[in-house]
Amino acid sequence: MNCEECHEREASLHFTKIINGEKTEFHICEHCAKEKGEFLPGSNSFSIHQLLSGLLHGDGHVPNTPSSNFIPPSLSCEKCGMSYYQFAKIGRFGCDNCYKAFDSKLNPIFKRVHGGNTLHAGKIPLRAGSSIQEKKQLQQLKQAMQQYILNEEFEKAAETRDVIREIEHRLQQGRDT
Amino acid sequence: MSLERFISDAISPWMKREGPESDIVLSSRVRLARNIQQYVFPIAADKESAHEVIASISSCMNEEKDAAESEKLEMLMMEELKPVQKRVLVEKHLISPNLAEQAKYGAVLMNADESVSIMLNEEDHIRIQCLAPGLQLEEVLGKANEMDDLIEKNVDYAFDEKRGYLTSCPTNVGTGLRASIMMHLPALVLTKKISRIIPAINQLGLAVRGIYGEGTEAQGNIFQISNQMTLGKSEEDIMEDLAGVVMQVIQQERSARKQLQDGLKLQLEDKLFRSLGTLENCRIIQSKEAAKCLSDVRLGIDLEILPGISKTILNELMILTQPGFLQQYAGEVLTPEERDIRRATLIRERIKLENR
Ligand SMILES: [Zn+2]
Ligand SMILES: [Zn+2]
């Protein structure tokens, strides 16, 4: 299908707009979509499935580097077995690990869907939250310990090592319960 | 079953309360999408892991909920419900059409006043939904967070530092939060201002839909405004942005109502009284016409043109005159023609209950 704006390029974005109960469909290319801010996802009802297939069978206007545009057929998730092609076709992840498996492809998708955003800025679950903070603390302590060793402050290094062990022990327990 | 009894069973208790800005805002809703880390998402799950999801959530909710009786959650398994029962739950907005029709091992947990419903094995393992009358976004988010924290005490959520709460659909990732406000906007439709307002709202990253969700007409001038983005903004910011837009739409609707009353009082009265007449006298009525007349009557109540009719009549009858409820009331499966007759009878009888 050709783009309804320029009638040149292949339409890769498909929107449904509902105004006062009246449904209108738009089929446009990435290039024209960028020029017409009105069509930008996040500002319209549109089908995630169509968006994904648009990105997958991109017409060269996909805002990616060419190399990341190439999708190896083997790209798939180990945990649930879903391939990237399946994901793009149905528009749904099969499990939490899909996010890791397809990570290199996700930023452009999230940017389109979430108004340019790719990073979470909201609530953190209490349990995961405390372990995330402890992991950060652990990293800092390990760096500090290295510094003490370099400075030959071995007593301080030993103290720090004990604190690190304690936190590591706690994190391990948290995982077991 | 008497009509009064049927209505009191059919209308969720939370709907009978009146909320802030209730002349325009019918209800506020929040839903949080969550998944359990150890299981694959419902789309890829087998029967066993789906049942484990249900078992783990129902056991943890029962443990936590030895508190107040009113807060106890009742569980319904989709496979044990008749199609008409599921349809009624959908028409009450307690479960999604997707859970009723598609989900293989779906279940729902509900509290007594039906303001909290937790869907299991829908698109995500867990979908927490909280409802309240009128504009009460903070309250519904607070309640949803409470349920969220409760569940999180017992399960490990699929969560990633970078992407937030991981959901099956990329449109829900991050906060997993969808907040929606149901609004009655008859004056903006009558004055045709709505056609300029909806694109403006879209520009701000919010979605506007008719009452029955995406792709359908706005029956009864009821519109649902909700956030589209779930990633990159905090829950509070999402709610604030939505509330800001909703307040503006409320102002616009109020000024359009005033404009109609000032400039076209007689024409407006004529229209609203005719619609009341239709509802009082109809013998056969299709859902579209019923919705239009109910919208007019509700506007008449809010503008005090039609006194002596209770405000909840629009909410009530919009729900009661849907196919599932009509068939439940009739106690049998009805053809569309039979439904139109039943609908007319039900509306006439309901209006007779008003002390006028
Ligand atoms: Zn074009
Ligand atoms: Zn996966």
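Being a predicted model, the structure only gives us computed values, none of them experimental. Every chain is numbered from 1, with letters handed out A, B, ... down the list of sequences.
Each of Gly94(A), Gly81(A), Gly122(A) has some count of heavy-atom pairs under 4.5 Å with chain B, and the biggest count is that of Gly94(A). Considering only heavy-atom pairs separated by less than 4.5 Å from chain A, the leading option among Ala158(B), Gly174(B), Gly176(B), Ala44(B) is Gly174(B). The greatest number of non-hydrogen atom pairs below 4.5 Å with chain A, out of Leu166(B), Thr175(B), Thr230(B), Asp237(B), is found for Leu166(B).
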Test side chain to side chain contact (heavy atoms under 4.5 Å, CB included) on Asp103(A) and Lys162(B) and set out the steps. CA-CA 11 Å; Asp103(A) 189 57; Lys162(B) 203 165 78 164; 3.2 Å; yes
Check against side chain to side chain contact (heavy atoms under 4.5 Å, CB included), Thr118(A) and Arg163(B): CA-CA 7 Å; Thr118(A) 58; Arg163(B) 310 293 193 191; 3.7 Å; yes
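Counting non-hydrogen atoms of other residues, nucleotides and ligands closer than 6.0 Å to CD of Glu78(A) gives a total of 12 or fewer. Annotation: Gln286(B), atom CD; neighbour count of heavy atoms from other residues, nucleotides and ligands within 6.0 Å does not exceed 12. Around the CD atom of Gln86(A), the shell of radius 6.0 Å holds more than 12 heavy atoms that belong to other residues, nucleotides or ligands. At most 12 heavy atoms of other shown residues, nucleotides or ligands fall within 6.0 angstrom of atom NZ in Lys100(A).
Both the backbone and the side chain of Gln37(B) come within less than 4.5 Å of a heavy atom in chain A. Neither the backbone nor the side chain of Asn97(A) comes within contact range of chain B; no heavy atom of the residue lies under 4.5 Å from a heavy atom of that chain.
Contact record, Val113(A) with Pro170(B): CG1-O, 4.3 Å, taken as the closest heavy-atom pair. Pairing each heavy atom of Lys123(A) with each of Asp149(B), the nearest pair is NZ-OD1, 2.9 Å. Contact detail for Tyr99(A) and Thr167(B): the closest heavy-atom pair is OH-O, 2.6 Å. In terms of heavy atoms, Ile43(B) sits closest to Phe93(A) at CG2-O, 3.6 Å.
Taking CG of Asp96(A) as the start and CZ of Phe41(B) as the end, the distance is 5.5 Å to the nearest 0.5 Å. Here Leu119(A) contributes atom CG and Asp160(B) contributes atom CG; the two are 9.5 Å apart, rounded to the nearest 0.5 Å. Atoms NZ and CG, on Lys153(B) and Leu126(A) in that order, are 9.0 Å from each other to the nearest 0.5 Å.
Distance alone, capped at 3.5 Å, places no donor-acceptor pair between the Tyr39(B) side chain and the Cys95(A) backbone. Panel note: side chain His114(A), backbone Met229(B); no donor-acceptor pair is recorded below 3.5 Å.
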